[in-house]
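For reference, the structure discussed in these notes is given below.
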Amino acid sequence: MARSNDLVAQMLDEFADLLAISAGDPFKVRAYEKAARAVEGYHVEVERLDEHELDAIPSVGSHIARKIAEFLRTGTVDELDGLRSRVPAGLRTLLAVPGLGPKRARQAYDELGVTSLSELLDALHDQRLRHLRGWGAKSEENLAKAIHEAQTGGGRIPLGVALGLAEDLLEDLSSVDHVSKAAYAGSLRRMRDTIGDVDLLVASDHPEPVMQAFTELPLVGRVVAQGPTKSSVVTTKGVQVDLRVINPSVWGAALMYFTGSKAHNIRLRYLAERAGLKLSEYGLFEAGTGRLLVSQTEEDVYGRLGLPWVPPTIREDTGEIEAAVAGQLPQLVELRDIRGDLHTHTNLTDGVAALPEMVAAAKRHGYRYYAITDHAPLLYMQRMTADKALEQRRQIRQLERQTGMVLLHGSELNIQPDGTLDWDDDFLAGFDIAVASVHSAFRQSRQAMTARLVRAVENPFVNVLGHPTGRTIGHRRAIDADWDAVFRAAACAGAALEINSFPDRLDLSDELVRRARHAGVKFAISTDAHAVPHLDYMRFGVATAQRGWVGPAEVINTWPLDKLRRFLAKRRPARRRTG
DNA sequence: GCCGTTTTCGGCCCGACTGTTTTCAGTCG
């Protein structure tokens, strides 16, 4: 089930949204948002805390602590119910439209009675919004575009959400009688960045009770179809989940079939056909006699086709079959290869955990080294200063001595529209590592953006280009640049490209990763963690790297420390003594 | 609503960008 911290954070976010729509005190709105982030990232499950302990969470005071306690006790909060009754249901969903905030959502409701996305689309269609104060034709046009983009995102859900849901469901299913194996398949197992519906596979000799249990799970909102071996449901949150129950003896063939991709399966069946065989979800058979040859494990089936087992993350028919036939499947980077995280934040800027907590968590992950890369001054809202950075460096050195862990003091710099960065060279030279990222002016022309990124990666102090395209999945599209030119420049200048593991970023994307490889760039797979639980996102970044066919040698944070240090240092001019 | 070695009251993330406004409001990061 969902972590209690996430449920509480959702509750507080709803509080903040409804207050904002009700034109409440903006500082109060922010207080709820801040508390939501603090709870979400808090290292202890809030359901285990009493009101006094809740109050001790930074950014949670006595009032919010009381509301959290009420929520955990009763499942709701009186004051929130009151707010809900005063704000039309549906109005809140409009805040998810990029570019539409609480003020304008409220205005559309007050003056046009708009309470839902479909009513907003009607109003757009009738050109009624442009007559409201502060609106015009251009705002209508931008809004229509934003809605269109969000919708053609296609109802797909981010990998991280789908995986969490699948794991919750599998945990429930595994405890059902007669279930011998349970796994997720489909695009989720291939770790695509977004997932259409969740495919689950269960091995059992008694399918009916398993199906019955599945359709009665608490997460199920609606049963779309229910049969003895296949059922489809829609969860309470609107995600479609398909379950297939198969005999344990055909596990391997079924898992292959339901993992896909469709294109990969078609190629395999073609290979089988040419060898006088027939491949289906029930196994690999002799075409003439129909005799079953293999079906139990994926390795068995691939093996009988004359192929090594193909990792699910590359089963897209983009060359993996040919490589497998030739015995040249790439060695892919694995989570266990990762020796450290090179992009993380603390509460010195917009993280929610203090430096010692993050370092302790990194140590629990078994990392050999760990970089702290808080934001730099040009992201004004973070109020970073040189003094703060130096004080943090002092603390880091002290923590290194205390924990015996190798800590790299870094910074996440801001790439300005002209490609320049925060701080001067002397100050930059004091950092162990610098990640440079675009945080503003996302809509420059391709030419300007390319020049901007190239200038940034060519800066001798820049080691990693952070979340290179700036996309947030389902929300903001990638910036426009000549990526091949950027990749060439990065490879030439010795700057690594980040594969940001945050599930709504996954940036670079698998496709761009593959292109970047061809330019010979190195990668840094990092979490961009803003809280302790975010460190677990590493697996999403690793999966994205795998989808891009990346091997461990190409990933700088699989390297031993001395090799990593040489990579980080080699581009820098000899450091001038600054006294 | 949260928070505090300048404050228990009075601040609170600050600037860019966009489109609308004839001087600024809303949204975003």
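In the text below, chain A, chain B and the rest are named by the order of the sequence lines, each starting its count at 1.
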task = Look at Glu14(A) together with Arg84(A) and state whether they make a salt bridge at an N to O cut-off of under 4.0 Å.
result = yes
Out of dT27(B), dC2(B), dT20(B), minimum distance to the side chain of Ile64(A) belongs to dC2(B)
Atom NZ of Lys103(A) and atom P of dC28(B) are separated, to the nearest Å, by 12 Å
Would you call the rings of Tyr32(A) and Phe15(A) parallel, tilted or perpendicular if under 30° counts as parallel and over 60° as perpendicular? parallel
Which part of the nucleic acid does Ala137(A) contact within heavy-atom distance under 4.0 Å: base, sugar-phosphate only, or nothing? sugar-phosphate
query: OP1, OP2 of dG29(B) versus side-chain N and O of Arg476(A): anything below 4.0 Å?
result: yes
Quote, to the nearest angstrom, the C1' distance that separates dA25(B) from dT21(B).
8 Å
Consider only side-chain N and O atoms of Asp482(A) and Thr450(A), and report whether a donor and an acceptor are under 3.5 Å apart. no
Rounding to an integer number of angstrom, what distance separates dG15(B) and dG10(B) when you compare their C1' atoms? 23 Å
When rounded to whole Å, the CZ to P distance for the pair Arg37(A) and dC2(B) reads 16 Å
Rounded to the nearest 0.5 angstrom, the CG-CE distance for Leu163(A) and Met191(A) is 5.0 Å
Q.
OP1 or OP2 of dT18(B) versus the side-chain N and O atoms of Asn142(A): is any pair under 4.0 Å?
A. no
Open item on the list: Taking dG4(B) as the reference, what is the distance to dT8(B) when you measure between their C1' atoms (whole Å, please)?
Closed with: 8 Å
Of dC12(B), dT20(B), dC2(B), the nucleotide closest to the side chain of Phe27(A) is dC12(B)
Discussion item. For a quick check of understanding: with a heavy-atom distance under 4.0 Å over all strands, which category does Val60(A) fall into, base, sugar-phosphate or nothing?
Written reply: sugar-phosphate
Query raised in the report: Where does the angle between the aromatic ring planes of His345(A) and His375(A) fall among parallel (under 30°), tilted (30 to 60°) and perpendicular (over 60°)?
Result: parallel
Original post:
Touch check for Arg106(A), heavy atoms < 4.0 angstrom, all strands: base, sugar-phosphate only, or nothing?
Top reply: nothing
On DNA chain B, more 5' by nearest nucleotide between Pro58(A) and Ala441(A) is Pro58(A)
Pro26(A) near the nucleic acid: base, sugar-phosphate alone, or nothing, with a heavy-atom cut-off under 4.0 Å?
nothing
### Separation of the P atoms in dC2(B) and dC13(B), to the nearest angstrom
14 Å
His439(A) has its side chain closest, among dG1(B), dT27(B), dG29(B), to dG29(B)
Between CG of Leu132(A) and P of dG26(B) the distance, given in whole Å, is 12 Å
inquiry  = If you compare every side-chain N and O of Lys34(A) against the phosphate oxygens of dC3(B) (OP1, OP2), does one of them come in below 4.0 Å?
reply    = no
Could you work out the separation of dT23(B) and dT18(B) based on their C1' atoms and round it to a whole Å? 15 Å
Ser62(A) has its side chain closest, among dG1(B), dG26(B), dC2(B), to dC2(B)
When the C1' atoms of dG11(B) and dC17(B) are considered, how many whole Å apart are they? 27 Å
(Q) Tell me whether Asp504(A) is salt-bridged to Arg476(A), with the criterion being a basic N under 4.0 Å from an acidic carboxylate O. (A) no
Margin query: It should be established whether Arg30(A) places a side-chain nitrogen or oxygen under 4.0 Å from OP1 or OP2 of nucleotide dC13(B).
Written below: yes
Ranking Tyr380(A) and Lys67(A) by the position along DNA chain B of their nearest nucleotide, the one closer to 5' is Lys67(A)
| request: With P as the reference atom in both, quote the distance from dA16(B) to dT22(B) in angstrom, rounded to an integer. | output: 24 Å
Whole-Å distance, Asp374(A) CG to dG29(B) C1', equals 16 Å
### Query
When rounded to the nearest Å, what value does the distance between C1' atoms of dT6(B) and dG1(B) take?
23 Å
| message | Under 4.0 Å, counting only non-hydrogen atoms across every strand here, what does Ser440(A) touch: a base, just sugar-phosphate, or nothing? | response | nothing
Atom NZ of Lys138(A) and atom P of dA25(B) are separated, to the nearest Å, by 23 Å
Checklist entry - Just checking, any donor-acceptor pair under 3.5 angstrom between side chains of Asp507(A) and Asn500(A)? => result no
When both distances are under 3.5 Å in a Watson-Crick or G-U wobble arrangement, the nucleotide paired with dT8(B) is none
| said: With a cut-off of less than 4.0 Å, is there a side-chain N or O of Ser139(A) near OP1 or OP2 of dT20(B)? | reply: yes
Looking across every strand, which nucleic acid part, if any, lies under 4.0 Å from Asp350(A) by heavy atom: base, sugar-phosphate, or nothing?
-> nothing
When rounded to whole Å, the CG to P distance for the pair Leu378(A) and dC17(B) reads 12 Å
